[in-house]
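Lettering of chains follows the sequences in order, A, B, ..., and the numbering in each one begins at 1. The structure presented is a predicted model; accordingly, all values stated were derived computationally and were not measured.
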Amino acid sequence: MDREFFCRDVLDVAPALLGRKLIRVFPDGSTGAYLITETEAYRGQEDKACHASKGYTPRTEVMFREGGHVYMYLIYGMYWMLNIVAGPVDVPQAVLVRGIAEASGPGRLTRLLKLDRGFYGEDLVNSGRIWVEEGIRSPEIESTPRIGIDYAGNPWKDLPWRFLIKL
DNA sequence: AACACGATTTCG
DNA sequence: GAAATCGTGTTT
């Protein structure tokens, strides 16, 4: 996928990632292709569920860059989350990649792909170890409220910004 | 410098 | 249903 693909609004990018392949080249040289099956959209400073709602901090800095960069962060002291930045410069949006066909759940996903803080700021458009390619075309998509963000309150906690491939 | 709290998973 | 476990943002 090129820069243009990621620089659109996160509500376009998140569902568009479904059915595409996440390519990972491991340190030992082996390569894996993983079908993206579940994503969530986190949209700007107004979105109370989005980490960027706290403003520009060292942690959220990458979300303010142009789309296509990787935002990694640790949750609950043990799980690394893989996020793909969307939108143009100074528009803090990101897609949380929650599931691939080979591993369900964001924590399992990053463990399987061996992703951690070393990928913070990685550019998917120009990387030799992780990127996104075309996959199956036009999968049927289902949307539901996002997971684990009840604390964000209304209207954010109920917005149907979680996207899954319908079986 | 100290503190509270998660965009989760696993096990009982 | 609760524990595991630590970086981040906020408060002192």
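- Between the side chains of A:Ser53 and A:Gln45, no donor-acceptor pair of N or O atoms lies under 3.5 Å.
- Taking 4.0 angstrom as the limit, A:His51 places none of its side-chain polar atoms (N or O) nearer than this to OP1 or OP2 of C:dT8.
- Under the 3.5 Å distance criterion, with hydrogens and angles disregarded, no donor-acceptor pair is assigned to the side chains of A:Tyr120 and A:Glu122.
- The distance from atom CG of A:Asp150 to atom P of B:dC5 is 16 Å, rounded to the nearest whole Å.
- With a 3.5 Å ceiling on both atom-pair distances, C:dT5 lacks any Watson-Crick or G-U wobble partner.
- Between the C1' atom of B:dC5 and the CE atom of A:Met78 lies a distance of 14 Å, rounded to the nearest Å.
- When each of A:Ser104 and A:Leu74 is assigned the nucleotide of DNA chain B bearing its nearest heavy atom, the one mapping closer to the 5' terminus is A:Leu74.
- The side chain of A:Arg98 places an N or O atom within less than 4.0 Å of a non-bridging phosphate oxygen (OP1 or OP2) of B:dT8.
- In this structure, CD1 of A:Ile147 is placed 10 Å from C1' of B:dA7, rounded to the nearest angstrom.
- Side-chain atoms of A:Arg8 never come within 3.5 Å of backbone atoms of A:Ala86 as a donor-acceptor pair (strictly under, hydrogens ignored).
- Rounded to an integer number of Å, the gap from A:Met63 CE to B:dA7 C1' is 10 Å.
- Each of C:dG9, B:dA7, C:dT5 was ranked by its minimum atom distance to the side chain of A:Lys54; first place goes to C:dG9.
- Taking side-chain N and O atoms only, A:Arg59 has no distance below 4.0 Å to OP1 or OP2 of B:dG6.
- Residue A:Tyr76 and nucleotide B:dG6 are not classified as a stacked aromatic pair, given the requirement of ring centres less than 5.5 Å apart at an interplanar angle below 30°.
- In this structure, the CD atom of A:Glu38 is 16 Å from the P atom of B:dA7, given to the nearest Å.
- Comparing B:dG6, B:dT10, B:dT8 by their nearest atom to the side chain of A:Tyr151 picks out B:dG6.
- In the set B:dT10, B:dT8, C:dG9, B:dT10 carries the atom at the smallest distance from any side-chain atom of A:Arg111.
- Residue A:Pro58 has its side chain nearest to C:dG9 when only C:dG9, B:dT9, B:dA7 are considered.
- Rounded to whole Å, atom P of B:dG6 lies 18 Å from atom CH2 of A:Trp80.
- Distance, A:Arg162 CZ to B:dT8 C1': 13 Å, rounded to whole Å.
- The partner of B:dA7, taking Watson-Crick or G-U wobble pairs whose two distances both stay under 3.5 Å, does not exist in any strand shown.
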- side chain to side chain donor-acceptor pair (under 3.5 Å) between A:His51 and A:Tyr71, worked out: CA-CA 11 Å; A:His51 289 163; A:Tyr71 168 42; 2.8 Å; yes
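- For A:Tyr79 and B:dG6, the shortest distance from a side-chain N or O to OP1 or OP2 is not below 4.0 Å.
- Residue contacts shown for A:Leu96 include a base, since a base heavy atom lies under 4.0 Å away.
- Distance alone, capped at 3.5 Å, is enough to place a donor-acceptor pair between the A:Arg20 side chain and the A:Ala16 backbone.
- Of the side-chain N and O atoms in A:Arg108, one or more sit less than 4.0 angstrom from OP1 or OP2 of B:dT10.
- Following rounding to the nearest Å, A:Phe163 (CZ) and B:dA7 (P) show an atom-to-atom distance of 18 Å.
- A pairwise comparison of heavy atoms in A:Val13 and A:Phe6 identifies CG2-O, 3.9 Å as the closest pair.
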